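Note on naming: letters A, B, ... go to the chains in the order of the sequence lines (proteins, then strands), and numbering restarts at 1 for each one. Since the model is a prediction, treat every value here as computed from it, not as a measurement.
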Amino acid sequence: MRILLLHSDFIEYQPISKEIQTAEDLPSKSKKKIDEVIVAFIAVEKDDDESIIADVCKELKTYSEIIKCDNLLIYPYAHLSSDLATHIKAQTLLVLIEKQTGDLFKNVNRAPFGWTKSFNIKVKGHPLAENAKTVRKKNGNNTESTSESMALKSEDVLKSIWYVLEPGGNLIPINDYKFEKESLFKKLVDNELYKKRTVVEIPPHVRLMKRLAIADYEPSSDGGNMRYYPKGRLMKSLIETYVTRMIHDYGGIEVETPVMYDSNHPSIQSYFNRFPARQYNIQSDNKQLFLRFAACFGQFLMAKDFQISYKQLPLKLYELTRYSFRREKSGELVGLRRLRAFSMPDCHAFCKDIDQAKEEFVKRFELSLNVIEGLGISSSDDIDMVFRFTTDFYEKNKEFIRTFATRIKKPILVEMWKERFFYFIVKWEFNFVDNLGKAAALSTDQIDVENGERYKIEFVDSDGTKKYPIILHNSPSGAIERVIYALLEKTARDSNMGKIQALPLWLSHTQIRIIPVASKHLEFSEKILVELDKNNIRTDIDDREFSVAKKIREAESEWIHFIIVIGDKEVDDGKEFVVRERLAKSQYSTSLANLIKRIKSEISDKPYLPLNLPVYLSKRPIIMV
RNA sequence: GCCUCUAUAGCUCAGCAUGGUAGAGCGAAGGUUUCGUAAACCUUAGGUCGUGGGUUCAAGUCCCACUAGAGGCUCCA
């Protein structure tokens with residue numbers, strides 16, 4: 001018996017006409033639509049008999065449990081086999097399946113036998129949405145399931161076993177672990193395993209990204225394609241510059257690759273087969289193109305054309321994609337957390353063997369930790385780690401895995417698979433849990449044992465043979481937009497705890513605002529501005545005809561860290577200024593030199609880019625979002 | 001993609017249950033004020049009430065579809 005299983009959003013079918021004389025009679029030929037359903041196309045073959053029905057039902061049930069759908073449609077489909085059973089036997093067996101699955105499923109339907117039918121189907125886009133099985137009679141009463149393989153594999157492989165890895169290195173089954181109540185780690189676990197939500201409200205970062213004129217939705221584009229206002233653009237540039245520099249220091253070689261590729265390229269095609277079709281497609285002349293969803297293809301296709309010796313490994317290629325495109329389902333898009341177009345640093349390391357890959361894996365873990373901390377996201381307070389690997393990898397690398405637990409000093413959520421289903425054998429992520437209890441992955445790294453061969457990337461090893469490298473996929477920061485999301489959500493959390501909301505100084509568009517008391521103080525204000533400018537401190541002047549109090553208020557609501565008011569006193573004195581420092585909630589008198597020193601020490605090694613708006617506030621358009 | 005909710009001036013929102021020609025605050029423009037650490041004062045202009053259809057003598061208000069957003073589901077290379 002041949003079975004094709006399709007996990008579908010819906011199927012819509014309509015009997016058209018009888019195809020055979022023995023076709024069953026129907027009360028009506030009306031169209032029928034079933035939502036959220038497993039459609040089982042079944043062809044009954046010559047050797048099939050009642051003895052295999054139990055096994056067929058078991059297969060169906062197993063599949064339904066894996067994908068968590070208990071709505072079944074049995075759909076007679078002769079075209080799956082060229083060795084068909086008689087009509088009568090086929091129909092009998094199908095009815096039997098219908099009866100026996102009745103107890104196993106919540107709903108079971110059967111499309112009429114012997115009819116020409118038209119149908120419309122929408123198959124879901126996940127790896128297991130499509131599945132084929134063959135169930136055959138074995139000697140005697142036993143049956144064998146050739147798709148054994150597929151069904152069992154899928155089940156075993158995708159059945160995750162969850163643990164918590166403690167900093168000491170103990171691996172504790174998730175149900176035995178005692179969580180700290182209300183901890184972010186607990187929320188992460190709820191998110192990953194139980195899909196629980198703690199709060200229901202609009203994510204704070206969405207309001208903030210608009211109010212701070214960082215980013216906004218662009219209704220004239222596609223969902224998840226944002227517009228970034230001047231301040232947002234500057235913030236992105238700064239983060240991008242920072243991450244790129246860190247990767248350079250690590251040894252990454254920056255390249256640039258196309259945003260679109262030929263869908264019919266063989267390597268890409270086979271990669272596709274592994275993943276749901278979630279890409280943007282473009283038809284251009286006779287070519288079917290798609291927009292990249294990561295920098296993988298570009299770098300792999302490039303590396304394939306390199307001549308590489310083992311002496312040059314690990315080879316690290318890096319690109320910051322602007323953009324990577326993923327056509328996520330519309331209902332999944334949220335503010336800056338989940339986008340359809342995003343900028344992602346993607347650094348691949350081509351390694352000669354698993355030992356070198358592991359060594360590199362550790363280095364990149366340290367790199368990611370440094371980057372995340374440098375961005376102002378605390379690895380101890382804001383981040384929880386998820387580690388995913390196969391049982392096999394764990395058994396061989398217990399000590400290795402333990403070192404990560406020791407290093408991160410926090411419990412780690414572990415997902416283990418019995419067999420490898422994806423292209424990687426081990427993967428970790430840093431997850432940020434936001435104010436709604438939703439988790440979003442930032443940094444990640446994977447050890448990929450499949451794509452070296454798939455893309456025919458070769459290196460010559462010390463013994464002169466050609467080999468395929470093991471590839472690491474690392475994004476030390478995660479998507480740039482998601483970093484901004486995390487920073488904004490973090491400020492909202494601060495605010496809930498009574499702290500003052502602020503972005504890191506080095507990411508603030510305006511670092512110092514000068515407020516002249518009256519227009520006669522403008523000239524002196526400009527002199528100070530020039531001095532600060534020389535020292536790479538982004539400074540602007542609020543020259544608008546408002547009261548000082550009002551200008552202070554606006555500067556505070558823009559979260560500007562330092563404010564200097566320039567009036568007669570300052571012009572006369574020329575040395576000391578009263579600085580209003582937002583985070584310190586204080587005003588103090590200091591010299592310009594001291595202020596510059598103070599700011600430089602806080603910014604330390606972070607990149608500088610000039611102001612991205614006119615210096616004078618009177619010259620700026622109002623971006624009221 | 002599915003279910004539920006939302007869409008009124010540049011921004012935040014009222015008006016809608018009971019259909020009868022559109023309101024406030026902030027912002028903007030013009031003017032007065034040259035001002036010392038979180039909102040000076042006066043005047044004026046701003047709206048095909050998301051888009052398209054329908055019901056009605058009459059629709060911002062009721063109904064349908066679409067678009068965009070939010071929450072949930074699902075998913076997340």
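Taking the nucleotide of RNA chain B with the nearest heavy atom to each of Ser221(A) and Arg207(A), the more 5' of the two is matched to Arg207(A). Between Arg544(A) and Gly335(A), it is Arg544(A) whose nearest contact on RNA chain B lies nearer the 5' terminus.
For the pair Leu333(A) CG and rA70(B) C1', the computed distance is 12 Å after rounding to whole Å. The separation between Glu328(A) atom CD and rC75(B) atom P is 13 Å, rounded to whole Å. Atom CD1 of Ile34(A) and atom C1' of rC2(B) are 16 Å apart (whole Å). For Glu415(A) and rC76(B), the CD to P distance is 10 Å, given to the nearest whole Å. In this entry the distance linking CG of Asp222(A) with P of rA68(B) reads 8 Å, nearest Å. Glu332(A) places its CD atom 15 Å from the C1' atom of rA70(B), with the value rounded to the nearest Å. Nucleotide rC75(B) holds its P atom 12 Å from the NZ atom of Lys438(A), rounded to whole Å. Whole-Å rounding puts the Arg326(A) CZ to rC76(B) C1' distance at 8 Å.
Across rA28(B) and rA7(B), the matching P atoms stand 27 Å from one another, rounded to whole Å. Rounded to whole Å, the P atom of rA38(B) lies 39 Å from the corresponding atom of rC16(B). Atom P of rC13(B) sits at a distance of 15 Å from the matching atom of rA70(B), rounded to the whole Å. Using P as the reference atom, rU48(B) and rU61(B) are 16 Å apart when rounded to the nearest Å. Remark: the separation of the P atoms in rG47(B) and rC11(B) is 13 Å, to the nearest Å. Remark: the separation of the P atoms in rG23(B) and rU6(B) is 25 Å, to the nearest Å. With P as the reference atom, rG46(B) and rG30(B) are 16 Å apart, rounded to whole Å. rU8(B) and rU55(B) have their P atoms separated by 27 Å, given to the nearest Å.
Using N1 to N3 plus N6-O4 or O6-N4 for Watson-Crick, or N1-O2 and O6-N3 for G-U wobble, each under 3.5 Å, rC5(B) pairs with rG69(B). Across every strand in view, rC49(B) sits unpaired, with no contact that passes the Watson-Crick or G-U test at under 3.5 angstrom. Using Watson-Crick or G-U wobble geometry with both donor-acceptor distances under 3.5 Å, rC75(B) finds no partner in any strand shown. In this entry rC62(B) has rG54(B) as its Watson-Crick or G-U wobble partner, both defining distances falling under 3.5 Å. Base pairing of rG19(B): no nucleotide in any strand meets the Watson-Crick or G-U wobble criterion (both distances under 3.5 Å). Of all nucleotides present, none satisfies the Watson-Crick or G-U wobble test against rG36(B) with each distance under 3.5 Å. Judged by Watson-Crick or G-U wobble contacts below 3.5 Å, the nucleotide rG27(B) has no partner.
No hydrogens or angles considered: nothing links the side chains of Asp346(A) and Ser475(A) as a donor-acceptor pair under 3.5 Å. Side chain to side chain, Asn474(A) and Lys316(A) fail the donor-acceptor criterion of an N or O pair below 3.5 Å.
Taking a 6.0 Å sphere around CZ of Arg207(A), one finds it holds 12 or fewer heavy atoms contributed by other residues, nucleotides or ligands.
By the 6.0 Å and 45° rule, Lys619(A) does not stack over the aromatic ring of Tyr616(A).
Taking the six-membered ring for Trp, Phe387(A) and Phe389(A) have ring centres closer than 6.0 Å. Aromatic pair Tyr468(A)/Tyr455(A): centroids not less than 6.0 angstrom apart. Within the 6.0 Å centre-distance limit, the rings of Phe290(A) and Phe297(A) are counted as a close aromatic pair. Between His473(A) and Phe424(A), the distance from one ring center to the other does not fall under 6.0 angstrom.
Taking syn as a glycosidic angle within 90° of 0, rA45(B) does not qualify and is anti. Using a 90° window around 0 for the glycosidic torsion, rG46(B) falls inside it and is classed as syn.
Taking the side chain of Pro219(A) as heavy atoms from C-beta on, and the options rC75(B), rG71(B), rA68(B), the nearest nucleotide is rA68(B). Candidate nucleotides rA77(B), rC13(B), rG27(B) were compared by shortest atom distance to the side chain of Ile622(A), and rG27(B) ranks first. Distance from the side chain of Pro203(A) is smallest to rG71(B) among rG27(B), rG71(B), rA77(B).
Here Leu532(A) contributes atom CG and Phe562(A) contributes atom CZ; the two are 11.0 Å apart, rounded to the nearest 0.5 Å.
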**Message:** Treating primed atoms plus P, OP1 and OP2 as sugar-phosphate and everything else as base, which nucleotides of nucleotides 32-48 of chain B get B, S or - for protein heavy atoms under 4.0 Å?
**Reply:** -BBBBBBBS--------

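Taking 4.0 Å as the cut-off between side-chain N and carboxylate O, Asp222(A) and Arg327(A) do not count as a salt-bridged pair.
Within 3.5 Å, a donor on the side chain of Arg338(A) pairs with an acceptor on the base of rC75(B), or the reverse.
Lys427(A) comes within 4.0 angstrom of sugar-phosphate atoms only, judged by non-hydrogen atoms across all strands, and of no base.
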